[in-house]
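Everything numeric in this text was worked out from a predicted model, so none of it was measured.
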Amino acid sequence: MWVGLMMTVLFYWGCKKLYKKVRFVLLNPMITCLIAIIVVLLCTHMSYSTYFSRSKLLADMLNPATVALAIPLYRHFDVLKRHVAEFLLSLACGATVAVTSSVMLARVMHLNGNITLSVAPRSVTTPIAMDISQTLGGIPALTAVFVIITGLSGVILGPLIIRVCRIQSSVAKGTLFGMGCHGLGTARAFEIGQMEGTCASLSMVTAAFITLALAPVLVPLLGM
């Protein structure tokens with residue numbers, strides 16, 4: 001019964017070691033680990049439901065992980081207090097644009113209702129995105145995939161946006177990564193600098209809670 005759990009942990013550990021050595025964005029462990037698991041499931045003809053039941057402990061750990069998001073808020077509260085206006089205004093706008101653009105793009109692409117509801121919270125960290133998706137009537141597992149795609153896209157495009165827009169502020173850089181690509185963006189921001197990583201961490205958590213309150217109100221207004 002522990003096969004799925006051990007396989008996931010070992011694959012992620014190996015993929016993370018590879019990423020630390022190579023530092024190529026497309027070798028991010030979120031991509032390589034996912035691909036490795038898919039290949040094993042296809043080769044062994046194991047269904048996803050069977051795999052999930054054998055690695056359910058990891059999914060259950062998302063609940064305490066959600067609670068643990070309060071830690072960076074407490075640890076860096078002084079930074080949040082100094083820049084509270086910038087954080088709240090930019091993240092509220094970012095959350096509104098993220099949800100609205102997700103729903104509108106899904107409708108333009110003629111995706112069905114469940115998929116549209118699943119993609120709506122794609123711009124927040126996985127545990128909260130899955131909770132929002134379930135509240136809206138979406139498919140949490142599908143939401144997790146959209147979150148990963150969003151994070152990877154942001155990590156790739158973020159440095160380009162910073163260069164093109166000539167962003168110099170460490171707070172602005174961190175907020176961009178935290179709002180735009182959540183956990184993956186926060187890890188990338190810490191590679192740039194301590195202040196960037198701290199602001200990304202605060203932005204990721206704050207944006208998640210703003211979206212948690214905003215999405216159930218905004219999505220019905222968009223006709224869903």
Side-chain angles (χ1 to χ4, degrees), residues 12 15-36 69 72 76 79-80 82-83 85-109 111 115-116 118-126 128-129 142-208 210-211 214-215:
Y12 184 78
C15 293
K16 191 171 183 180
K17 294 281 283 187
L18 176 64
Y19 178 69
K20 284 185 176 181
K21 185 175 181 179
V22 179
R23 287 293 179 185
F24 180 54
V25 66
L26 293 180
L27 290 179
N28 188 288
M30 293 296 290
I31 301 177
T32 51
C33 182
L34 182 64
I35 293 174
L69 291 175
H76 304 294
V79 177
L80 179 63
R82 286 201 306 271
H83 303 284
E86 298 98 312
F87 277 128
L88 293 181
L89 180 60
S90 60
L91 295 175
C93 292
T96 302
V97 171
V99 173
T100 302
S101 62
S102 299
V103 172
M104 299 308 295
L105 181 60
R107 293 176 69 174
V108 168
M109 297 178 67
L111 301 179
I115 297 179
T116 301
S118 300
V119 76
R122 64 177 174 80
S123 290
V124 298
T125 189
T126 305
I128 292 182
L142 190 57
T143 299
V145 175
F146 289 130
V147 170
I148 293 171
I149 294 172
T150 301
L152 291 171
S153 301
V155 167
I156 294 171
L157 295 175
L160 177 61
I161 293 172
I162 289 173
R163 287 196 300 272
V164 170
C165 297
R166 299 182 181 179
I167 299 174
Q168 301 296 326
S169 167
S170 297
V171 175
K173 291 178 184 177
T175 303
L176 183 150
F177 277 111
M179 176 69 245
C181 36
H182 25 81
L184 291 177
T186 298
R188 180 68 181 88
F190 271 113
E191 294 177 5
I192 299 174
Q194 187 66 31
M195 178 56 74
E196 286 85 350
T198 298
C199 292
S201 177
L202 290 172
S203 298
M204 176 186 71
V205 177
T206 306
I210 290 175
T211 306
L214 182 67

Novice: Could you measure the distance from the OH atom of Y12 to the OH atom of Y19? Nearest 0.5 Å is fine.
Specialist: 10.5 Å
Novice: Hey, could you give me the OG/CD1 distance between S153 and I148, rounded to the nearest 0.5 Å?
Specialist: 11.5 Å
Novice: Quick one: list whatever passes side chain to side chain contact (heavy atoms under 4.5 Å, CB included) with A187, sequence neighbours left out.
Specialist: none
Novice: Which pairs count as salt bridge (charged side-chain N to carboxylate O under 4.0 Å, His left out) when at least one residue sits in residues 149-176, sequence neighbours excluded?
Specialist: none
Novice: Is there any salt bridge (charged side-chain N to carboxylate O under 4.0 Å, His left out) pair reaching into residues 185-208, and which pairs are they, with sequence neighbours excluded?
Specialist: R23-E191, R188-E191
Novice: Any chance you could measure L184, atom CG, to T125, atom OG1, to the nearest 0.5 Å?
Specialist: 9.0 Å
Novice: Of all the heavy-atom pairs spanning V124 and A207, show the shortest one and how long it is.
Specialist: CG1-O, 3.8 Å
Novice: So which atom in G158 and which in L176 form the shortest heavy-atom distance, rounded to 0.1 Å?
Specialist: CA-CD2, 4.1 Å
Novice: Please give me the minimum heavy-atom distance between G154 and P159, naming the atom from each residue.
Specialist: O-CD, 4.4 Å
Novice: For T186, give me all partners under side-chain hydrogen bond (donor to acceptor under 3.5 Å, both in side chains), at least two apart in sequence or on another chain.
Specialist: none
Novice: Using every non-hydrogen atom in the two residues, find where S101 and R122 come nearest and quote the distance to one decimal.
Specialist: OG-NH2, 3.6 Å
Novice: Under 3.5 Å, side chain of S201 to main-chain N/O of G197, donor-acceptor pair present?
Specialist: no
Novice: Determine the minimum heavy-atom distance between S123 and T150, stating which atoms define it.
Specialist: OG-CG2, 4.1 Å
Novice: In Å and rounded to the nearest 0.5 Å, what is the CD1 to CZ distance from I115 to F146?
Specialist: 6.5 Å
Novice: To the nearest 0.5 Å, what is the distance between CD1 on I31 and CG on L152?
Specialist: 4.0 Å
Novice: Within this structure, what is the OG1-CE distance for the pair T211 and M179, rounded to the nearest 0.5 Å?
Specialist: 5.0 Å
Novice: Under the rule for side chain to side chain contact (heavy atoms under 4.5 Å, CB included), what residues qualify as partners of V22, not counting sequence neighbours?
Specialist: L18, F24, L27
Novice: Between H182 and V147, which heavy-atom pair has the shortest distance, and what is it?
Specialist: CE1-O, 3.0 Å
Novice: Is the backbone of T143 close enough, under 3.5 Å, to the side chain of S118 for a donor and an acceptor to pair up by distance?
Specialist: no
Novice: Just distance, no hydrogens or angles: give the donor-acceptor pairs under 3.5 Å from side chains in residues 87-97, sequence neighbours left out.
Specialist:
residue: S90; atom: OG; partner: E86; partner atom: O; Å: 2.5
residue: S90; atom: OG; partner: F87; partner atom: O; Å: 3.3
residue: T96; atom: OG1; partner: A92; partner atom: O; Å: 2.8

